[in-house]
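Inspection log for the structure reproduced underneath, given as C-alpha cells.
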Number of protein chains: 2
Amino acid sequence: MSVNQFKRGELYSVINGMASTAVARRLQKNLRNAGIDITIEQWTVLYHLWKEDCLSQQELCNRTYRDKPSITRLIDKLEKQKLLKRSSHKNDKRINLVCLTDAGRALQNVTLELANQTMDEALQDVNKEEIEIVKRVLQKVYDNLNPTSPEGSI
Amino acid sequence: MSVNQFKRGELYSVINGMASTAVARRLQKNLRNAGIDITIEQWTVLYHLWKEDCLSQQELCNRTYRDKPSITRLIDKLEKQKLLKRSSHKNDKRINLVCLTDAGRALQNVTLELANQTMDEALQDVNKEEIEIVKRVLQKVYDNLNPTSPEGSI
DNA sequence: TTGAGATAGTTGCATAAACAACTATTTCAA
DNA sequence: TTGAAATAGTTGTTTATGCAACTATCTCAA
C-alpha cells in the first residue's frame with residue numbers, strides 16, 4: 001500500500017496551483033500598481049539574466065523550467081520591448097545569446113524590491129524552519145519527477 | 001527589516017511553479033498514456049463534482065480557485081464532451097447547476113487512481129509530517145493573499 | 001413598489017502553456 | 001570526409017489564464 005494514500009486528492013490541489021497562483025497574481029498586481037508593464041513570466045526571464053547575463057535560450061529553458069517554444073516567445077516579447085537583445089554566439093551559430101539592455105538592467109532593483117515585498121506578504125506568520133521544509137519538499141517533488149534535471153538549481 | 005529577507009528571490013521560484021508544473025505535467029502524461037483525453041484543468045472540475053455533484057459555476061470557481069470566465073470555458077468544453085451538463089436552478093434563474101453525466105461519473109475511479117499514482121511518484125521519500133507542513137504553509141500563503149477566501153477548503 | 005446595487009454567468013482580448021513538426025547548425029564515428 | 005544523429009531555435013495548433021466589459025436575474029431598502 002502507498003505511503004501517501006491519505007487524502008492525496010487534496011494534496012494535489014495544494015501542491016498544484018492554489019498557493020503559486022495566488023502568489024503570481026499578487027506579484028502581477030504589485031508590478032502593475034508600480035506602473036511596470038511586464039508579465040511575471042517575462043519577469044522570471046529577466047530575473048535569471050540579472051543573476052547571470054547573456055545566457056543561451058536553452059540555458060534559460062533549464063533555469064526557468066519552461067520549454068523552448070515558451071522561451072522563444074517570451075524573448076520575442078521582451079526583445080520587442082527592448083529589455084533584452086538576441087545576438088549570435090561567436091563559435092556556434094545555432095546559439096542565441098540573450099543579453100540585457102540598459103532598460104532591462106534598469107528594472108532590476110525596483111522589481112526585485114516588489115518581489116521581496118510580495119513574498120513578505122505571502123509568508124506572513126510562516127517561520128524560517130517551515131519555509132526551509134517547504135523548499136526542500138518541493139525541490140524533492142521536482143526531482144522525483146525530473147530524474148535528469150540539473151541539480152539543486154532554483 | 002523583513003522576517004523573510006533571506007533568498008526571497010529563490011523562494012519565489014520554489015513556491016511559484018516549478019513543483020506544481022512538474023506535477024501537472026506528470027499527471028497529464030499519465031492521463032494521456034491511459035488514453036483519457038481530458039486536460040488536468042478539466043479533470044480538476046470533474047474532481048470537485050465527484051466530491052459533490054450539481055454545483056453552481058460560482059461554487060466551482062471557489063473550489064477550484066479559478067475565475068468565472070475560466071470556469072465558463074472549462075464547462076463549455078466538458079459539456080461538449082458530454083461529461084457533464086448545465087441545468088437551470090429551479091428558484092434562481094441566474095444560476096447554472098453543473099451535474100455529471102454517466103460518462104463523467106465513469107471517469108472517476110480510473111483517473112483518481114492515476115492521480116494517486118502521480119502523487120505517489122511525486123512524494124517518494126517525503127514523510128507525512130513534512131507533507132502536513134507543506135499543506136499548512138501553502139494554505140497559509142493562500143490565506144495571506146486572499147483575506148476573504150472561504151476557510152480551509154482545499 | 002421599484003430601482004440601485006449585488007450576484008451569476010458570458011464574451012472579447014492579450015498572454016502563456018504543452019506538444020509536435022519543422023529548419024539550421026554542429027558533432028562524431030565509420 | 002561525410003552523413004546520421006544531436007543540439008538550438010522557430011512555428012502552428014489547441015488549451016487555459018487574467019482582466020474588463022457586458023447581460024440577465026435577484027435582493028432589499030427607501
Side-chain angles (χ1 to χ4, degrees), chain A residues 16-18 20-33 37-45 54-81 86-98 145-146 148, chain B residues 16-18 20-33 37-45 54-81 86-98 145-146 148:
Chain A
N16 201 44
M18 133 209 161
S20 64
T21 304
V23 171
R25 278 199 278 238
R26 176 60 60 93
L27 177 53
Q28 185 71 71
K29 187 174 147 193
N30 288 346
L31 287 171
R32 200 169 43 243
N33 288 346
D37 196 29
I38 57 176
T39 66
I40 29 163
E41 290 82 4
Q42 293 168 11
W43 178 82
T44 303
V45 171
C54 295
L55 298 171
S56 70
Q57 296 190 196
Q58 181 57 56
E59 191 52 38
L60 282 169
C61 293
N62 298 339
R63 299 194 187 192
T64 61
Y65 306 104
R66 288 179 166 77
D67 70 355
K68 289 194 288 182
S70 296
I71 288 297
T72 292
R73 280 147 180 158
L74 285 173
I75 289 181
D76 285 348
K77 298 239 161 75
L78 286 164
E79 197 168 25
K80 219 167 276 174
Q81 298 176 263
R86 284 179 172 94
S87 57
S88 269
H89 190 283
K90 276 186 281 237
N91 306 325
D92 189 337
K93 288 178 186 167
R94 291 171 304 180
I95 297 178
N96 283 343
L97 286 180
V98 180
L145 299 178
N146 297 273
T148 56
Chain B
N16 201 45
M18 137 210 159
S20 64
T21 305
V23 172
R25 280 198 275 237
R26 176 60 60 94
L27 177 53
Q28 185 70 71
K29 186 175 146 192
N30 287 346
L31 287 169
R32 202 169 42 245
N33 287 346
D37 196 28
I38 57 177
T39 66
I40 30 164
E41 291 81 4
Q42 293 168 10
W43 178 82
T44 303
V45 172
C54 295
L55 298 170
S56 69
Q57 295 190 197
Q58 182 57 55
E59 191 51 37
L60 282 169
C61 293
N62 298 339
R63 300 195 187 191
T64 61
Y65 305 103
R66 288 179 166 79
D67 69 355
K68 288 193 288 182
S70 295
I71 287 298
T72 292
R73 280 147 180 156
L74 285 173
I75 290 180
D76 285 347
K77 298 240 162 77
L78 286 164
E79 197 168 25
K80 217 167 277 173
Q81 298 175 264
R86 283 178 173 94
S87 56
S88 270
H89 190 283
K90 276 184 281 233
N91 306 324
D92 189 338
K93 287 178 187 167
R94 292 172 303 180
I95 296 177
N96 283 343
L97 286 179
V98 180
L145 299 177
N146 298 272
T148 58

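All chains are named by letter (A, B, ...) in the order of the sequence lines, taking the proteins before the strands, and each is independently numbered beginning at 1.
- With rounding to whole Å, E41(A) atom CD is found 14 Å from dA18(C) atom C1'.
- Going from atom CD1 of I75(B) over to atom C1' of dT15(D) covers 16 Å, rounded to whole Å.
- In this structure, R86(B) atom CZ and dA8(C) atom P are separated by 15 Å, rounded to whole Å.
- Put simply, the side chain of D76(A) reaches to within 4.5 Å of the side chain of R86(A), judged on heavy atoms.
- In this entry the distance linking CD of Q58(B) with P of dT10(C) reads 11 Å, nearest Å.
- Nearer to the 5' terminus of DNA chain C, by closest-nucleotide assignment, is the contact made by I95(B) (compared with the other of R73(B) and I95(B)).
- For T72(B), no side-chain nitrogen or oxygen approaches OP1 or OP2 of dT11(C) to under 4.0 Å.
- In this entry the distance linking CG of N91(A) with C1' of dA24(C) reads 17 Å, nearest Å.
- Taking 4.5 Å as the limit, every side-chain heavy atom of K93(B) sits out of range of all side-chain heavy atoms of S88(B).
- For Q42(B) and dA16(D), the shortest distance from a side-chain N or O to OP1 or OP2 is below 4.0 Å.
- One finds a side-chain N or O of N96(A) lying less than 4.0 angstrom from the OP1 or OP2 phosphate oxygen of dT10(D).
- Both R66(A) and D92(A) lie near DNA chain C, and the one whose nearest nucleotide falls closer to the 5' end is R66(A).
- More than 12 heavy atoms of other residues, nucleotides or ligands sit less than 6.0 Å from atom CG of N33(A).
- Of the side-chain N and O atoms in K77(B), none sit less than 4.0 angstrom from OP1 or OP2 of dT14(D).
- When each of dA16(D), dA16(C), dA20(D) is scored by its nearest atom to the side-chain atoms of P69(B), the top-ranked nucleotide is dA20(D).
- Contact annotation for K93(B): backbone-only contact, meaning every heavy-atom pair under 4.0 Å involves sugar-phosphate atoms and none involves a base.
- Remark: C1' of dA14(C) and CD of Q81(A) are 12 Å apart, rounded to the nearest angstrom.
- Taking 4.0 angstrom as the limit, R32(A) places a side-chain polar atom (N or O) nearer than this to OP1 or OP2 of dC19(D).
- Shown are K90(B), R94(B), H89(B); of these, the side-chain hydrogen bond (donor to acceptor under 3.5 Å, both in side chains) with D92(B) is made only by R94(B).
- Exactly one of L74(A), V45(A), T44(A) qualifies for a side chain to side chain contact (heavy atoms under 4.5 Å, CB included) with L60(A). That residue is V45(A).
- For S70(A), a side-chain nitrogen or oxygen approaches OP1 or OP2 of dA17(C) to under 4.0 Å.
- Applying the 4.0 Å criterion to OP1 and OP2 of dT10(C), one finds that Q57(B) has a side-chain N or O inside that range.
- If you measure from atom NZ of K80(A) to atom P of dT10(D), you get 13 Å, rounded to the nearest angstrom.
- In this structure, I71(A) reaches neither bases nor backbone, as no heavy-atom distance under 4.0 Å exists between it and the strands shown.
- Nearest nucleotide to the K68(B) side chain, out of dT10(C), dA17(C), dC19(C): dT10(C).
- Closest to the side chain of R94(B), out of dG9(D), dA24(D), dC19(D), is dA24(D).
- Each of Q28(A) and E59(A) has a nearest nucleotide on DNA chain D; the 5'-most of these lies closest to E59(A).
- N96(B) is not listed as a side-chain neighbour of I75(B), based on a closest heavy-atom distance of 4.5 Å or more.
- Nucleotide dT17(D) holds its P atom 13 Å from the CG atom of L60(B), rounded to whole Å.
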